[in-house]
Amino acid sequence: MMKHLFNFIVFPGFLFTAAVGLVASWIDRKVTARVQWRVGPPWYQPLIDLVKLSIKEITVPRGAIKPVFFLAPLVGLSGVILASTFIWLPNIDLGATGFRGDIIVVLYLLTLPAIALILGASSSGNPLASVGLSREIKLVLAYELPFIIALTIPIIKSSGLLKLTDLVAYQTINGAFVSSISGVLAIIVAIFCMQAKLGLVPFDMGEAETEIMGGVLIEYSGMLLGIFKLTKTMMLVALPVFLSTVFWGGFSIWKYVVLLVIIVLMRNTNPRVRIDQAVRFFWGKMTAIAIIAAFLATLGM
Amino acid sequence: MLLQPILISILAGAFILVAPKKIRKIVEGFSLATSIYLFLACIRIFIKSPINGGFLYVDGLSRFIVLGIGFFGALVTLYSLRFMASYTQFRSYYANIIWTIGLSMLAASSNNMIVLLTAWGFLGLTLYMLINVAGPNAANTSKKTFIIIGGSDSLMIMGFALVWLITGDLNLSNIKIVIDNSLSFWAFLLIAIGAFAKAGAMPFHTWIPDTAKEAPVPVTAFLPASLDKLLGIYLLARLVMNVFILNSSTQALLMAIGAITIVAAVMMALVQHDFKRLLGYHAVSQVGYMVLGLGTGNPIGIAGGLFHMLNNALYKTSLFLSGGNVQYKTKTSDLDSLGGLGKVMPISFFSALIAALAISGVPPLNGFFSKWMVYQGVIEKGKSGGVLWIFCLVAAMFGSGLTLASFIKFIHAIFLGKAKGERRAASDERRNEVSLSMWLPPLILAVLCIVFGIFASLIPLKYLIVPALADNLDFIGSWPSAKAALFLLIGLGVGLLVYLAGNFKGVRETDPYIGGEEVEEKMRLSGTEFYGTIKELPFIRAFYKKAEKKLFDIYEIAKKFIFVFIRIFQYLHNGVLPTYLVWCLLGIIVFLFVLVR
C-alpha cells in the first residue's frame with residue numbers, strides 16, 4: 001500500500017509527471033518562440049507561472065454553483081494523476097501486480113479532466129463559458145470516435161489483450177504495433193486525437209483566447225486556474241506516453257521527444273479551425289483512416 | 001412462501017381500488033405499508049433461495065430480480081406519496097402499483113410457461129392503466145404502449161407454443177433447446193421479441209420515450225426505467241443461459257441489435273428539448289448494453305449485461321425521480337426554460353449529477369464497471385474471429401461518449417447554467433428543496449451507484465451476479481475499483497494541498513466577466529442547442545429528418561400497413577342497406593350452390 005502511495009504521489013504519479021510536464025511545456029514555449037523569432041522564456045518559466053498564479057486572488061462569479069466550481073479543478077487533477085500512474089507503471093516495472101489499468105480504464109480516466117473542465121465552466125454561469133463548453137463537449141465527441149477505433153487496433157493485433165502490461169510484454173516479443181501498416185495509420189489518427197485532447201491549436205476552440213477570452217476557463221483565476229493549467233501540463237506527458245505504450249512498444253525518451261516535437265510543430269503551423277470543421281475532420285477523414293486501419297489489422301497487416 | 005406475498009398484493013390492490021375516496025391518507029399509508037411488506041418478503045425470498053415450489057421457483061438468477069422488484073416498488077411508492085398528491089385517480093394508481101409489484105414477482109419466479117405468460121400479460125394491462133392515470137392526454141400513448149406490448153406478447157405466446165412443440169414440456173427448468181434449425185431459432189426469436197418490447201430494445205422501443213413524456217414521473221421511473229428492464233432482461237438472460245443454447249449467428253444477431261440500439265437511441269436523446277423524453281431515449285439506449293452483453297454468450301459478457309441491468313435500474317430511476325423533483329417544483333420539463341437549479345435544489349442536484357456521471361460511465365461509478373465488463377465480453381467474443389465484435393465494441397464505447405454529451409446538456413440546462421429571466425426572479429435562487437419523501441429515494445439510489453461502483457466485486461458481483469452464473473468470472477482487463485477510488489480521493493486531497501499552498505485569503509465575488517459588457521438575457525445559452533452543429537452534418541441530418549417523420553417507429557409502420565387492409569373493409573362497409581342485402585343474397589346463393597351441388 002505504501003508503495004502504491006509512493007507510486008501515486010511521487011514517482012511516477014503526481015510529482016514526477018508534473019515535473020516532466022513543466023519541462024515539456026517549457027520546450028513547447030521555447031520552440032514556439034524560436035519559430036516566431038522571439039528569444040523565449042528561461043527553463044523555469046512554467047514553474048514560476050504556477051507560483052505566480054498561486055499568490056493571485058481567487059474570484060467567483062456571482063450566481064455560480066460554488067461546490068462544483070471549486071471541486072472541478074481538483075477532480076480533473078485527480079483523474080490525470082491516476083491515469084498517468086496507470087500509464088507509467090508498465091513502463092517502469094512490468095512484473096508488479098495489484099495496481100494496474102487497461103486500455104479502456106485509461107481511456108475513460110483521460111476524459112475526466114475534460115468532464116471536470118466542462119462542469120466547472122458550466123457552473124460558472126458565464127455565457128462565454130457556455131459557448132466554450134458547448135465547443136469542448138462537441139470536440140470530445142468528435143475525437144472520441146476515431147480515437148476509440150484507433151485503440152481497438154492493439155486489441156485486434158494482440159488478439160484480445162487489454163492490460164497495458166500485457167500489451168508492452170506482447171510488443172517486446174512480437175515487435176511494436178507501429179511496425180505494421182495498420183499500426184502506422186492508427187498512431188497517426190491517435191496523434192491528431194491527442195492534439196485535440198490536449199486542446200492545442202488547431203483544436204483549441206474551447207478556449208480560443210482571441211475570440212471568447214479563454215471560454216471554459218474565463219471565470220477561473222488564481223490557484224484554481226493554476227490547477228487546471230497543471231492538469232493540462234500533466235496531460236502533455238500522460239498522452240504521449242500512453243500512445244507510445246500501446247502503439248510503440250513502450251516508453252523511451254526519444255519516442256517522447258518525437259511525439260512532443262510533432263505536437264509543437266502542429267500547433268505552430270496551423271490556424272484554429274471552427275468546431276464544425278473539427279467535427280467533420282474527425283468524423284470524416286480520421287474515422288475513415290481508422291476504419292481502414294482496423295480492417296487491415298483484422299487481415300493481419 | 002412464494003405465493004403468499006403475491007396473493008396478498010392482489011388482495012391489497014383490490015382493496016385499494018374499492019376503498020372510499022375520502023380516506024385518501026389511509027389508502028396512501030396502506031399502499032406504502034403493503035409495498036414495504038412486499039419488499040421484506042422479497043428479502044426473505046432472496047435469503048431463502050433457491051426455492052423450488054412446483055410452478056414457482058427461485059434460483060440464482062431470479063432471486064436478485066425479485067429483490068430488485070421489491071426494492072424499487074417500496075422506493076417508488078414512498079416517492080409517490082407526495083408527487084401523486086394532486087392526482088385524483090390515486091386509487092387506480094396505487095392499486096396498479098401494488099399489483100405490478102406482485103405480478104412482477106410472479107413473472108420472475110414462475111417456472112411454468114403458462115404462469116409466466118399470464119403474469120406477463122397482466123403486467124401489460126397494469127402498465128396501460130398506470131399511464132392512463134395521467135388523464136385523457138395520455139390516452140394515445142397508453143394505447144400505443146398497449147398495442148406494442150400486447151402485440152409482442154402474442155408473438156411471445158407463439159414462441160412458447162413452439163417451445164412446447166419441440167420439447168412437449170411446460171417447465172422452463174426442464175427445457176434445454178439447441179438452436180440448430182429454423183424452428184428452434186424462431187422459437188427463440190419470438191420469445192426474445194417479447195423481452196425486447198418489455199425492456200425497450202430496438203425496434204420495439206418507441207413506446208418508452210412517449211411514455212416518459214406523458215405518464216407521471218413515478219410511473220416512468222417504476223416501469224420503463226427499472227421494473228421492465230429487470231423483467232425483460234431477466235427473460236432474455238433466462239433464454240440465453242438456461243432454456244436455449246445459442247449458435248453463433250443468433251449471438252451475432254443479439255450483439256448487432258444491442259450495438260444499434262445503443263447508438264441510434266442516444267443520437268435521438270442528444271437533440272431532445274424535453275428532459276423526460278431525453279431520459280426516455282436513454283432508457284432505450286442502455287438496453288443495448290445489456291443485450292450486447294448477453295449476446296456475447298461468455299460469462300464476463302453475461303455478467304456485465306446483468307450487472308448493467310441492475311446499475312441502469314439504479315441510476316435511471318434516480319434520474320427520473322430527481323427530474324420529477326424538478327418538474328414538481330417548476331411545473332415544467334422543458335429544458336429551454338430551466339437552469340440554475342443546482343443552488344435551489346442541492347440534494348436533487350447531487351443525486352442527478354451522480355446518476356448522470358454513472359450512466360455516462362465515469363470511473364469509479366457503477367455504470368463504468370458494468371460497461372467495462374460488457375466491453376471485455378465483446379473482446380472475449382472477438383477471440384473467436386469475425387469483424388462484428390469490433391463494430392460492437394466501437395459502437396458501445398462511442399455510445400458512452402454520446403451519453404456523456406447528452407447528460408452534460410441535461411445537467412447544464414437544468415441545474416447549472418442560468419435560468420430564464422422571469423423564472424430566475426421567481427425562484428429567487430434561495431434554497432427550496434422538495435420534501436424528504438421526494439429527495440430521499442433518488443439520494444439512496446445515487447449513493448448505491450457510488451457503492452456499487454467502488455465495491456463492485458465485493459458486494460454486487462459477489463452476492464447478486466456471480467451466483468446467477470454457472471462459471472467463474474475471468475477479467476481480461478484490470479480495474480482495481482476500490483483502490484482506484486481511494487487514490488482518486490487521495491488525488492483530491494493532493495489537489496487541495498496544492499490549492500492551499502497558494503496565497504489563500506478567501507474568495508471574492510464578482511460579476512461574470514464578458515469583456516466589460518453587461519450580461520444580458522439574450523446571451524443565455526440554455527444548452528438545448530449545444531449539438532446543433534452535429535445535427536447539421538450531412539449524413540446525420542438525413543437520419544434526424546427520417547426519425548422526425550417516424551420512419552423508424554414500428555408502431556407507425558404497422559399502423560400504415562394495417563390501414564391499407566382496413567381501407568378495403570371500409571369500402572365494403574359503406575352503410576348503405578341495399579348493398580349489404582346484395583352481399584347477403586350473394587352469400588346465400590354461394591352457400592346454396594355449394595350445399596346443393
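Quick note on labels: first sequence line is chain A, next is B, and so on, each numbered from 1.
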Inset, instruction - Heavy-atom pairs under 4.5 Å with chain A are the metric here; pick the option from B:L489, B:L357, B:L486, B:L402 that has the most. - result: B:L402
Legend entry - Leading residue by heavy atom contact count with chain B [cutoff under 4.5 Å; candidates A:T298, A:L82, A:D276]: A:L82
Name the atoms and distances for all side-chain donor-acceptor pairs under 3.5 Å in residues 64-81 of chain A, with sequence neighbours left out.
{"unit_1": "A:K66", "atom_1": "NZ", "unit_2": "B:E509", "atom_2": "OE2", "d": "2.7"}
{"unit_1": "A:S78", "atom_1": "OG", "unit_2": "B:L488", "atom_2": "O", "d": "2.5"}

Legend entry - Top of B:G386, B:A484, B:P363, B:P364 for chain A proximity - count of heavy-atom pairs under 4.5 angstrom: B:P363
Inset, instruction - Please confirm whether the backbone N or O of B:T510 pairs with a side-chain atom of A:T59, one donor and one acceptor, at under 3.5 Å? - result: no
Inset, instruction - Heavy atoms only, distances under 4.5 angstrom: which of B:H412, B:K383, B:Q376 has the most pairs with chain A? Name it, please. - result: B:H412
Inset, instruction - With sequence neighbours excluded, tell me which residues meet side-chain contact (heavy atoms from CB on, under 4.5 Å) with A:I292. - result: A:L185, A:L296
Legend entry - Contacting region of A:S123 [heavy-atom separation from chain B under 4.5 Å]: both
Legend entry - Closest-packed option against chain A by number of heavy-atom pairs under 4.5 Å, given B:V387, B:L416, B:I490, B:I379: B:L416
Inset, instruction - Write out, in numerical order, the residues from residues 109-117 of chain A with a heavy atom short of 4.5 Å from a heavy atom in chain B. - result: A:L109, A:L112, A:I115
Inset, instruction - Sort and list the pairs that fulfil side-chain hydrogen bond (donor to acceptor under 3.5 Å, both in side chains) and have at least one residue in residues 387-411 of chain B, not counting sequence neighbours. - result: A:Y108-B:S400, B:H282-B:S406, B:K371-B:S400
Inset, instruction - Under 4.5 Å, counting heavy-atom pairs only, tell me which of A:I103, A:T85, A:I137 racks up the most with chain B. - result: A:I137
Inset, instruction - Using a cut-off of 6.0 Å, state whether more than 12 heavy atoms not belonging to A:K229 lie near its atom NZ. - result: no
